[in-house]
Amino acid sequence: MAQTIAVLDFGSQLTQVIARRIRECQVYSKIYHFSTPAAKLREEGVVGIILSGGPQSVYAKTAPHPDPEIFQLGVPVLGICYGVQLMGHFLGGTVAHSKAREYGHGHLTIRKPGKLFAGLPRKLRIWNSHGDKLTKLPAGFTATAVSDNSPFAGIEDAKRGFYGIQFHPEVFHTERGVDMIRNFLVGVCQAKQDWTTKDFIAHAVADIRAKVGKSRVLLGLSGGVDSSVAAALLHRAIGKQLTCVFVDNGLLRKDERAYVEALYQRNFKIDLRVVDASPLFLRRLKGVTEPETKRKIIGRTFVEVFEQSLKSIGGAEFLGQGTLYPDVIESVSIAGNPASLIKTHHNVGGLPARMKLRLIEPLRELFKDEVRLVGAALGLPKEVVWRQPFPGPGLGVRVMGDITAGKLEILRNADAVLQDEMMQSGYYWKVWQSFAVFLPVKTVGVFGDERTYDYVIALRIVESIDAMTADWAKLPHDLLQKISSRITNEVRGVSRVVLDISSKPPATIEWE
Ligand code: XMP
């Protein structure tokens, strides 16, 4: 059994990020409710405790407080932000209430490295987000680092193994923050660095089995990274108790359905039901041009088809979902805030609420890059694990204006040429997304000796970190030329190819 670090959650949005950094250090951790009794932590054999940040002041009436006994357990404690104020408050220091929050970049000067700052440069950029601050140290503590606004940005009572940091070491903006966390885990708590993706899978499998028992789980498989990894993980845990449903909405890319069938049915032997609902989708979309209306029709029809397939498999008790932590966002810990559940449901258009299914979300605590590692460890091919994002409404939002089978066919063929060239050149893996867009505009061209009057295909190829902003990718001209000439030569109905050179903002990545 791996040694456990307990992260007590006081309601910070960053608690899961702390857990993620601990995993990066290959140490096992568990997030606990802030009020978890010290006796329980002792029972579970925790080797160290991290007190998370939190939005409240320690003096607030509703401020979350830990069991004071946690300071008597004899295990090291690291307080982060609100966590350090709790230490001050509970151990005899003074915390000053201040109305102005200190928020954003700051500078840290390390005065006394000790175990926490061992091996780090003396000056570092840090990220702050706090209102109150410590003004008098508890007995036994010394200051180890100062920041622009605080003489107590880092504190320690090395004898008792108590450490505090006023800023946020878990966020990317704090230089070497993960080294501070590692120093606490390894240098102070002496935790073993033996927690790997394989261990995550073993734990998740055990959890899924315990939760599901003999029940059945239904999962909507889209073929994207998240649902694919969730399917592979659930299948590893419960095998035939899992049924996956793949809905062909007629808006898929070329050969998508055959690929999904081959991979999951033949390779993974997953009970995969492919529902061909394309005639229904296309009928409902006929003549619809407004993007939001298209999205609503596609979403609603998906829910209907999915519900029917649930009936046809004879019902299920659980709905599996590939929800990731960034989909959850809000913290649930304080007063059981249900916000995160609303978001989760929203993922599949309110499915579970209507279908009265219990949710099972084995990737709920992971970030995207961790999900990719899990997928690879479960044997999913690179093409799935590193797949570019694809919108739920599919080609429905890539055929501008009204959608017809003929336009979809042209788009599918043009997109297949683009993807082929992106794969062959290796650029597929280097950009965020690369896809073709169908423009319902006819322009004149010449093919052989004939005058043509055909449609336009736009190439949308972007670089991005998180899809919030994006820039068009500067691909080599000879590659663009090849893509363009192959599309106009190989795809009937296209006489012109254009390149989208807009960034986001102001343009979005998708055209509709
Ligand atoms: P935009 O077009 O908003 O896209 O810049 C940002 C990212 O989200 C994807 N996207 C969607 N994904 N359903 C989805 O599941 C949608 O309706 C949808 N619209 C956009 C888009 O491909 C890009 O990665």
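Both counts, for ligands and for their atoms, begin at 1 and track the order of listing. What you are looking at is a predicted structure, and each value in this text was computed from that prediction instead of being measured. When reading the values below, keep in mind they use all heavy atoms of this one structure, side chains included, and skip hydrogens, waters and symmetry mates.
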Mind jotting down which protein residues get a heavy-atom contact under 4.0 Å with ligand 1? Chain and number order, please.
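Its neighbours under 4.0 Å (heavy atoms only) are R295, P389, P391, G392, P393, W432, Q433, A467, K504, T508, I509, E510, given by chain and number.
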
With a 3.5 Å distance limit and no angle check, can you tell me whether S278 reaches the backbone of N249 through a side-chain donor-acceptor pair?
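Not at all, since once roles are kept as given, no pair shorter than 3.5 Å links the two residues.
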
Would you please name every residue forming a ring pair (Phe, Tyr, Trp, His ring centres under 6.0 Å) with W127, sequence neighbours left out?
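Expected list: Y103, H105, H173.
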
Could you tell me whether the side chains of S222 and S227 share a donor-acceptor contact shorter than 3.5 Å?
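S222 vs S227: donor-acceptor pair found between side chains.
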
Donor + acceptor pair across side chains of D454, S495 (<3.5 Å)
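Short answer, no.
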
Enumerate the salt bridge (Lys or Arg N to Asp or Glu O under 4.0 Å) contacts for residues 417-430, please, sequence neighbours excluded, ordered by first and then second residue.
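Pairs touching residues 417-430 that pass the test: D420-R486, E421-K482, E421-R486.
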
Can you name the side chain to side chain donor-acceptor pair (under 3.5 Å) partners of D271, sequence neighbours left out?
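Partners of D271 by the side chain to side chain donor-acceptor pair (under 3.5 Å) criterion, ordered by chain and then number, come out as T243, R273.
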
